[in-house]
Protein chains: 2
Amino acid sequence: MKGYLWTGGDPGSQRTLAPPENGRLAPWEAIAVEAVGNVIEFWGFKRNQGRVWGLLYLRGEPLTAGEIERELELSKGGVSMLLRDLEHWGVVQRVRVPQDTVWRYAAETDLVRMVTHVVEEREAAFVTRIRADLSEARRLAELAGGVQPEQLRKLERMAVLAEHVERALRLFIKTSRLDVGGVLGAFRDGALARKGER
Amino acid sequence: MKGYLWTGGDPGSQRTLAPPENGRLAPWEAIAVEAVGNVIEFWGFKRNQGRVWGLLYLRGEPLTAGEIERELELSKGGVSMLLRDLEHWGVVQRVRVPQDTVWRYAAETDLVRMVTHVVEEREAAFVTRIRADLSEARRLAELAGGVQPEQLRKLERMAVLAEHVERALRLFIKTSRLDVGGVLGAFRDGALARKGER
DNA sequence: CATATAGTTCAAGACCGCGTGAACTGCACC
DNA sequence: GGTGCAGTTCACGCGGTCTTGAACTATATG
């Protein structure tokens, strides 16, 4: 637990509180980190991406890859890849501490925004695809001839359905964005603001 | 809660109209069935559950397990399990044709309702769990002492966030239910309506 | 330049969910 | 009873994803 040259208080003191049972995480940290992991996994990302972000967010100060590795009991290579993803999505930032050579990583606060964004794209593309398929099916069916009008109507209805789902989905995304956006305002303070200093 | 008698028109006559009698799906059918499979998989169910339902829905008339097996190229055992699930969720019904001994399966039209319902339960339980975890983490953190107030606030914010997401989610479900409910009204005719005659 | 440490890449393997196919039950009809 | 077919159950294996660990690159230091 090397000294943090970063601006926070003495981290060593709090760390000693954590029973070094399974790693060095305090129980409450472990629970919270795990919660983030679950949420992120729920949205179709990797569990460990969530855990890493959660740890960085909770700690507030940038950690090195090595520290993350130890805290979350992940492999070196794994941490590297996870951080690359998170950085790529802009939810984690690579920072350099003045007279130190190693990279440190800090959590951006807009995890939720990123999630909704990615999910939005993913789902929008998906629904679009479905609708295209359905109309293609309809086209082929008409072309084939001998297909009961009954069935054509079914295809049509399925397409309408997809459209409605799509609309509901967009609404959901928008709602969650706005709703959460307000909350995000509250995030814009605390240790994370320090990032601006670098 | 087992099956019902199928009292619709002669299934055989309709069948002859349907494309490749001898087992293969018409291209347009394949596409549509696949689309349903994708959608259903997207919502966290098995792809083949969607394919089976899609086939039954498109065909309009009840099919036997054997027919499903051939059309979708699935194994006997697989079809059995898929049908069990679908029946259990109430989106497929087991029906008996008067002088025949085999079971046939017919699609209910409320696939969407079922999906939203299951998803709702699943997600509600999930979000509840997350929130419980977060408040547990907070409790432990307070108990432990020596934890920076900064971090307590973060836990709190995460909980608030979960709450908001939950609210957005509920809204989404409700919207999609209503929205789609209207569409479902339109579904209540055609061959499927015959089910009401039973 | 030699050495050490941070960071990246990727093949191998762990892991997990799904569908298969064979064994089994149940039922109808001969 | 016995034969045959519909339907169920479940151990196994296939195919996919995620993680690991080792080889490799890059960079700082004496």
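Below, read A as the first sequence line, B as the second, and so on, with proteins coming before strands; counting in each chain starts at 1. The basis for the numbers below is simple: all heavy atoms, side chains too, and nothing from hydrogens, waters or symmetry mates.
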Whole-Å distance between [N] [atom2] and [X] [atom1]?
{"X": "E41(B)", "N": "dT17(D)", "atom1": "CD", "atom2": "C1'", "answer": "14 Å"}
{"X": "R70(A)", "N": "dA6(C)", "atom1": "CZ", "atom2": "P", "answer": "9 Å"}
{"X": "D85(B)", "N": "dC18(C)", "atom1": "CG", "atom2": "C1'", "answer": "12 Å"}
{"X": "I40(B)", "N": "dG17(C)", "atom1": "CD1", "atom2": "C1'", "answer": "18 Å"}
{"X": "L83(B)", "N": "dG7(D)", "atom1": "CG", "atom2": "P", "answer": "9 Å"}
{"X": "E69(A)", "N": "dT8(C)", "atom1": "CD", "atom2": "C1'", "answer": "13 Å"}
{"X": "L63(A)", "N": "dA6(C)", "atom1": "CG", "atom2": "C1'", "answer": "16 Å"}
{"X": "F45(B)", "N": "dC18(C)", "atom1": "CZ", "atom2": "P", "answer": "12 Å"}

Original post:
Atom CD in Q148(A), atom NZ in K154(A): separation rounded to 0.5 Å?
Top reply: 8.5 Å

[Y]/[X] salt bridge by N-O under 4.0 Å criterion:
{"X": "E41(B)", "Y": "K46(B)", "result": "no"}
{"X": "R139(B)", "Y": "E136(B)", "result": "yes"}
{"X": "E87(A)", "Y": "R84(A)", "result": "no"}

Original post:
Are the side chain of S80(B) and the backbone N or O of K76(B) linked by a donor-acceptor pair below 3.5 Å?
Top reply: no

**OP:** Not counting sequence neighbours, list each pair that qualifies as a ring pair (Phe, Tyr, Trp, His ring centres under 6.0 Å) and has a residue in residues 119-145 of chain B.
**Re:** F42(A)-F126(B)

Residue [X], side-chain heavy atoms: nucleotide from [options] that is nearest:
{"X": "N48(A)", "options": "dA6(C), dG7(D), dT19(D)", "answer": "dT19(D)"}
{"X": "R84(A)", "options": "dG19(C), dT9(C), dG7(D)", "answer": "dT9(C)"}
{"X": "V102(B)", "options": "dA6(C), dT8(D), dA6(D)", "answer": "dA6(D)"}

**OP:** Output the residues of residues 73-82 of chain B in contact with DNA chain D, where contact means a heavy atom of the residue under 4.0 Å from an atom of the strand; sort by number or write none.
**Re:** K76(B), G77(B), S80(B), M81(B)

Subject >> Pair W53(A) and Y105(A), ring centroids less than 6.0 Å apart >> reply: no

Original post:
Which heavy atom in R59(B) sits nearest to a heavy atom in L25(B), and how many Å separate them?
Top reply: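 Looking at all heavy atoms of both residues, the closest pair is NH2-CD2, 3.6 Å.
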
Original post:
Name the one of V95(A), V92(A), L56(A) that satisfies side chain to side chain contact (heavy atoms under 4.5 Å, CB included) with P62(A)?
Top reply: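 For P62(A), the side chain to side chain contact (heavy atoms under 4.5 Å, CB included) check succeeds only for V95(A).
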
Original post:
Mapping W103(A) and Q49(B) to their closest nucleotides on DNA chain C, which lands nearer the 5' end?
Top reply: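 In this pair, the answer is W103(A).
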
Original post:
In dot-bracket, 5' to 3', how would DNA chain C read with Watson-Crick or G-U wobble pairs under 3.5 Å, [ ] for crossing ones and | for pairs to another strand?
Top reply: ||||||||||||||||||||||||||||||

